[in-house]
Amino acid sequence: MMHIIKNINGLVRLKAFSFKEVCNLCNIDYIEANYNIGLYDPYFAGLVDTDGSIVFNYAGNRIECNLEFEYNEYTSKLNLDKTILNSKPAIVKRKKSSKLGGSKDFASIAFKFQNVNSMLFIYDYFMHNRLYCDIKFYRVSKIKPFIEIRKYKTSPIGSVEHKIYSDFMID
């Protein structure tokens, strides 16, 4: 255990509170991680695999990459501005209530790569850092062909273009 703790010290970002406790129990000096996630850093792909989503936004006619976490001292430090080339996420902070009807209120922070011009860069990032989740990776792999046909969204019903766009949506 000590070997593992020493080797990941300085790398733990989102579960830092618990990791600090472990370090204290083992008499190891806690090393704070760098919260600026660098270009093509695979850490981001791991976050998307565990807590993220790759979604088709029909209204925006784009494929997006989104992450959402409970807002706390550690998630608020996370900086993904330079992780994907030419792409900076929109950051949304929300207050939420428990769905079970309890009185538990909490805040969340979302990182949304939702710009149409970012789609090809999102594709490129995930081709370098493959997702383990096959359905998320499949969705990412559809970005490149989608860029070619997204202009068909408003094509007349019955046209070849409309059929191509509809078949893509069904897939």
Side-chain angles (χ1 to χ4, degrees), residues 3-20 22-23 30-94 108-153 161 164-171:
H3 176 74
I4 293 170
I5 294 166
K6 287 178 183 177
N7 281 306
I8 65 171
N9 198 1
L11 301 175
V12 176
R13 293 178 176 99
L14 300 184
K15 304 290 185 185
F17 179 76
S18 300
F19 189 74
K20 280 182 185 179
V22 169
C23 287
Y30 169 76
I31 301 170
E32 187 163 6
N34 180 358
Y35 286 86
N36 297 310
I37 312 304
L39 184 63
Y40 289 104
D41 190 323
Y43 180 78
F44 176 67
L47 289 177
V48 172
D49 255 331
T50 57
D51 292 316
S53 60
I54 306 294
V55 296
F56 175 68
N57 179 326
Y58 181 78
N61 199 26
R62 63 182 178 252
I63 297 173
E64 306 175 349
C65 177
N66 301 313
L67 280 170
E68 189 166 3
F69 305 104
E70 179 181 343
Y71 184 81
N72 61 39
E73 138 185 27
Y74 304 107
T75 57
S76 66
K77 293 180 190 179
L78 204 55
N79 182 352
L80 303 170
D81 291 354
K82 296 189 182 339
T83 306
I84 297 178
L85 188 66
N86 297 322
S87 303
K88 189 175 176 181
I91 299 171
V92 180
K93 296 172 188 164
R94 301 181 196 146
S108 73
I109 184 169
F111 300 88
K112 298 176 166 283
F113 289 90
Q114 58 186 9
N115 187 311
V116 169
N117 296 328
S118 295
M119 285 193 304
L120 196 53
F121 297 107
I122 292 167
Y123 172 87
D124 189 48
Y125 172 85
F126 288 112
M127 290 302 119
H128 283 90
N129 297 289
R130 192 193 191 293
L131 295 165
Y132 285 96
C133 176
D134 289 336
I135 189 66
K136 290 177 187 178
F137 184 74
Y138 180 74
R139 289 176 181 168
V140 165
S141 73
K142 292 299 197 174
I143 290 174
K144 217 171 192 178
F146 177 69
I147 289 171
E148 295 175 20
I149 66 150
R150 67 184 294 274
K151 62 184 173 269
Y152 298 159
K153 179 180 181 184
E161 292 84 0
I164 292 169
Y165 192 85
S166 299
D167 288 346
F168 184 89
M169 294 301 103
I170 291 169
D171 182 40

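In this text, all values refer to a predicted model and were calculated from it rather than measured experimentally.
Ring to ring, Phe56 and Phe146 are close: their centroids are under 6.0 angstrom apart. Aromatic ring centres of Phe113 and Phe44 lie closer together than 6.0 Å.
Cation-pi check for Arg150 over Tyr165 is not met; the charged atom does not lie both under 6.0 angstrom from the ring centroid and within 45 degrees of its normal. Geometric assessment of Lys153 against the ring of Tyr58 yields a positive cation-pi assignment under the 6.0 Å and 45° thresholds.
Between Tyr125 and Tyr40, the two ring planes are parallel [angle under 30°; tilted spans 30° to 60°].
Under a 4.0 Å N-O distance rule, the pair Lys151/Glu161 does not qualify as a salt bridge.
For the pair Lys20 (side chain) and Tyr30 (backbone), a donor-acceptor distance under 3.5 Å is absent. A donor-acceptor pair is defined here as one N or O able to donate and one able to accept, closer than 3.5 Å; such a pair exists between the side chain of Asn7 and the backbone of His3. A side-chain donor-acceptor contact under 3.5 Å links Asp49 to the backbone of Tyr132. Side-chain N or O atoms of Arg62 include none that pairs as donor or acceptor with a backbone N or O of Asn57 at under 3.5 Å.
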List the atom pairs, with distances to 0.1 Å, where a side-chain N or O of residues 78-86 and a protein N or O form a donor-acceptor pair under 3.5 Å, not counting sequence neighbours.
unit_1: Asn79; atom_1: OD1; unit_2: Asp81; atom_2: N; d: 2.9
unit_1: Asn79; atom_1: ND2; unit_2: Asn36; atom_2: OD1; d: 2.9
unit_1: Thr83; atom_1: OG1; unit_2: Ile37; atom_2: O; d: 2.9

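A side-chain donor-acceptor contact under 3.5 Å links Glu68 and Ser108. Side-chain contact annotation: Asn129 with Tyr43, donor-acceptor N/O pair under 3.5 Å absent.
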